[in-house]
Amino acid sequence: MVKHLQNPIFSTISKLAGEHNVQAYAIGGFVRDIFLNRPSKDIDIVVLGNGIEFAEAVARKLNVKLSVFKNFGTASLKYRDLEIEFVGARKESYRRDSRKPIVENGTLDDDQKRRDFTINALAISLHPDTYGELLDPFGGIIDLENKLIRTPLNPVETFSDDPLRMMRGIRFATQLNFKIDEVAIAAIKNNVDRISIISQERITEEMNKIILSAKPSIGFNYLFDTGLLHKIFPQMTVLYGVDYIDGKGHKDNFYHTLQVLDNICETTDDLWLRWAAILHDIAKPATKRFEPGHGWTFHGHEDKGARMVPKLFTQLKLPLNEKMKFVQKMVQLHLRPIVLAQSIVTDSAVRRLLFEAGEDIESLMLLCKADITTKNEYKVKKYRNNFELVQQKLKDVEERDSIRNWQPPVTGTDIMELFGIKEGREVGIIKNQIREAILEGEIPNRREEAIQYTIAKGEEIGLKVVGKP
């Protein structure tokens with residue numbers, strides 16, 4: 001393992017460990033990532049003894065600032081592009097109603113036993129006498145080779161002690177494309193109710209990491225199959241299942257949503273566009289109806305879904321700012337390009353879509369393309385060809401009419417000065433008429449024509465021009 005310890009930080013730690021007669025080990029994610037051939041900027045150092053005192057010695061040697069967190073018994077420093085955290089080896093015990101452990105000084109064995117998964121319990125000695133020696137008491141290397149997530153100790157106790165580890169296990173399985181050990185799966189199913197002692201913020205943090213993975217459906221399938229999703233995001237589980245009446249069924253909207261999510265992950269890393277994929281059909285269960293002679297319908301699910309977004313973001317402790325408004329807009333508009341792609345595309349329909357989507361039109365088109373999950377190759381080809389026509393139409397209309405981020409060529413102030421009136425109902429009526437006329441293509445998006453149109457519409461409701469346009 002010595003070849004993986006070329007960074008001078010390790011030789012510094014090793015030298016000080018020898019001088020202070022302290023056993024120190026690199027442990028956890030850094031060691032795991034060596035075997036996964038993944039770069040790691042975070043290094044955890046566990047010390048048999050006082051971790052903070054040893055960290056202070058390292059900081060003095062490197063002449064860098066040390067951040068000390070006495071309540072947690074940890075200290076951290078930055079060295080070049082690395083973040084290094086020091087902690088004393090410890091053993092932990094838990095109360096039933098809290099995931100915060102009672103911590104005592106412990107041995108390396110105690111410290112490795114308290115780790116969440118075998119692949120995170122790997123340690124490399126940094127003491128000069130045993131420098132580079134790998135310690136793998138729970139078969140973490142074999143689990144890495146077998147692509148398996150497994151706990152060092154009995155998973156029932158591991159997950160009961162700290163239920164967030166259930167989310168972390170599913171997150172690691174998703175990020176690494178690993179399987180979760182069957183015994184661990186059974187333990188998660190037996191401990192799902194324990195997730196209630198975890199704060200929503202921590203749960204959502206892990207869920208976001210799953211969503212930001214290359215293939216989030218891996219994690220959501222685990223969350224669903226274990227019953228965790230029913231506890232942390234029940235609205236999504238309601239999408240599951242297919243109903244049949246008169247031999248007519250509909251697609252399973254849960255698995256459709258997962259496919260849309262995986263699809264969009266191939267084209268964007270944007271967390272909020274990925275959330276839009278998750279929520280685009282969230283209101284389908286509430287709007288599902290069977291129409292005899294026609295089949296299943298979900299009329300208005302985009303409107304109801306958009307109205308659900310703020311409440312869901314509040315529940316999940318997601319930001320209630322422009323991120324939420326972006327997701328809401330995507331849910332509201334996600335059917336619009338599809339409708340355009342299925343019919344003759346008029347300039348006015350394209351102008352309206354550009355006006356409502358604004359700068360988010362490209363994101364909306366990515367979502368709509370991801371929403372094509374049919375297995376019928378003919379339909380896929382047809383939709384994609386039509387989408388290309390819609391995109392070209394969007395480009396042509398935008399270049400000609402400049403509707404995206406539309407600002408009215410005649411403002412409310414212009415209208416008031418033109419007719420000598422105060423702010424009120426008439427101003428609003430004329431502004432709406434100007435907007436509609438431009439979107440419908442009755443007049444071009446230019447000030448001169450808009451002024452003439454304003455004068456005409458003002459005269460229709462009894463207004464007279466008293467000022468200069």
Side-chain angles (χ1 to χ4, degrees), residues 147 149 166-180 185 188-189 192 195 203-243 249-288 296 298 301-302 305 308-309 312-313 315-316 318 327 330-331 334-335 338 363-377 379-380 383-384:
K147 297 189 173 184
I149 301 295
M166 298 187 289
M167 294 289 299
R168 282 172 54 81
I170 291 172
R171 187 248 294 180
F172 280 124
T174 310
Q175 290 176 327
L176 302 175
N177 195 14
F178 278 24
K179 298 285 186 184
I180 300 178
I185 288 289
I188 293 174
K189 290 178 179 178
V192 287
I195 200 68
I203 291 170
T204 297
E205 181 183 354
E206 290 298 328
M207 190 151 55
N208 280 341
K209 289 177 181 178
I210 290 170
I211 294 167
L212 285 170
S213 302
K215 194 175 180 182
S217 64
I218 295 170
F220 279 98
N221 276 314
Y222 272 127
L223 289 171
F224 183 85
D225 293 342
T226 58
L228 270 175
L229 195 63
H230 300 70
K231 298 290 182 181
I232 65 175
F233 191 9
Q235 294 89 342
M236 190 174 178
T237 67
V238 182
L239 291 166
Y240 175 80
V242 178
D243 290 323
H250 55 82
K251 64 189 171 189
D252 187 306
N253 289 305
F254 178 75
Y255 292 113
H256 164 71
T257 294
L258 295 190
Q259 184 62 61
V260 175
L261 177 57
D262 282 351
N263 287 350
I264 208 159
C265 290
E266 295 177 5
T267 58
T268 180
D269 293 328
D270 186 335
L271 173 63
W272 307 109
L273 190 47
R274 293 181 179 202
W275 264 109
I278 291 169
L279 298 178
H280 80 287
D281 280 348
I282 198 69
K284 275 195 168 179
T287 57
K288 182 166 66 174
W296 294 97
F298 304 90
H301 76 273
E302 71 282 12
M308 289 172 68
V309 169
L312 290 170
F313 266 51
Q315 170 191 318
L316 297 169
L318 289 163
V327 173
M330 292 296 102
V331 173
H334 80 271
L335 291 182
I338 293 172
S363 294
L364 180 61
M365 293 303 289
L366 287 178
L367 176 59
C368 291
K369 284 183 179 178
D371 201 10
I372 301 171
T373 62
T374 176
K375 299 294 189 291
N376 186 316
E377 285 299 321
K379 285 185 178 180
V380 170
Y383 282 145
R384 285 182 178 161

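Because the structure is predicted, anything quoted here is derived from the model rather than measured.
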Run the side chain to side chain contact (heavy atoms under 4.5 Å, CB included) test on Lys284 and Phe254 for me, step by step, so that the C-alpha distance in whole Å, both residues' side-chain angles and the decisive distance to 0.1 Å come before the verdict.
CA-CA 10 Å; Lys284 275 195 168 179; Phe254 178 75; over 6 Å; no
Practice prompt. Start with the C-alpha gap between Glu266 and Leu366, add the side-chain angles, then the distance that decides, and say whether side chain to side chain contact (heavy atoms under 4.5 Å, CB included) holds.
Written response: CA-CA 10 Å; Glu266 295 177 5; Leu366 287 178; over 6 Å; no
Using the rule given for side chain to side chain contact (heavy atoms under 4.5 Å, CB included), can you reason through Leu318 versus Trp275, listing the C-alpha separation, both sets of side-chain angles and the distance that settles it, and then say yes or no? CA-CA 10 Å; Leu318 289 163; Trp275 264 109; 3.8 Å; yes
*asked:* side chain to side chain contact (heavy atoms under 4.5 Å, CB included), that's the test. Do His301 and Asp281 meet it? Break it down for me.
replied: CA-CA 7 Å; His301 76 273; Asp281 280 348; 3.1 Å; yes
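Between the OG1 atom in Thr204 and the CG atom in Leu316 there is a gap of 5.0 Å [rounded to 0.5 Å]. To the nearest 0.5 Å, atom CD1 of residue Ile149 and atom CD1 of residue Ile180 are 7.0 Å apart. The CE atom of Met330 sits 5.0 Å away from the CG atom of Leu364 when rounded to the nearest 0.5 Å. Here Lys179 contributes atom NZ and Ile218 contributes atom CD1; the two are 8.0 Å apart, rounded to the nearest 0.5 Å. Here the CG atom belonging to Asp262 is positioned 11.0 Å from the OG1 atom belonging to Thr257, to the nearest 0.5 angstrom. One finds the OG1 atom of Thr226 at 8.0 Å from the CE atom of Met166 (value rounded to the nearest 0.5 Å).
Annotation for Asp252 and Leu239: closest pair OD1-O, 3.8 Å, computed over non-hydrogen atoms. The shortest heavy-atom contact between Ser213 and Cys265 is O-SG, 4.1 Å. In terms of heavy-atom proximity, Ile372 sits nearest to Asn263 at O-ND2, 3.8 Å. Scanning both residues, Gly305 and Val331, for their nearest heavy atoms gives C-CG1, 3.6 Å. Scanning all heavy atoms of the two residues, the minimum distance from Leu228 to Ile170 falls at CD1-CD1, 3.8 Å. Closest approach of Arg274 and Ile211 over heavy atoms only: NH1-O, 2.8 Å.
Within 6.0 Å of NZ in Lys288 there are more than 12 heavy atoms belonging to other residues, nucleotides or ligands. Annotation for Tyr240: atom OH does not count as buried by contact number, only 12 or fewer foreign heavy atoms lying within 6.0 Å.
Taking the ring centroids of His256 and His250, they lie at or beyond the 6.0 Å cut-off.
Thr174 contributes no side-chain N or O that, together with a main-chain N or O of Ile210, makes up a donor-acceptor pair within less than 3.5 Å.
Here the side chains of Met167 and Tyr222 are not in contact, with every heavy-atom distance at 4.5 Å or above. Taking the side chain as every heavy atom from C-beta outward, Val327 and Phe313 approach each other to under 4.5 Å. Between Phe233 and Leu223, every side-chain heavy-atom pair lies at or beyond the 4.5 Å cut-off.
Checking Asp371 against His280 by side-chain atom types alone, a donor-acceptor pair falls below 3.5 Å.
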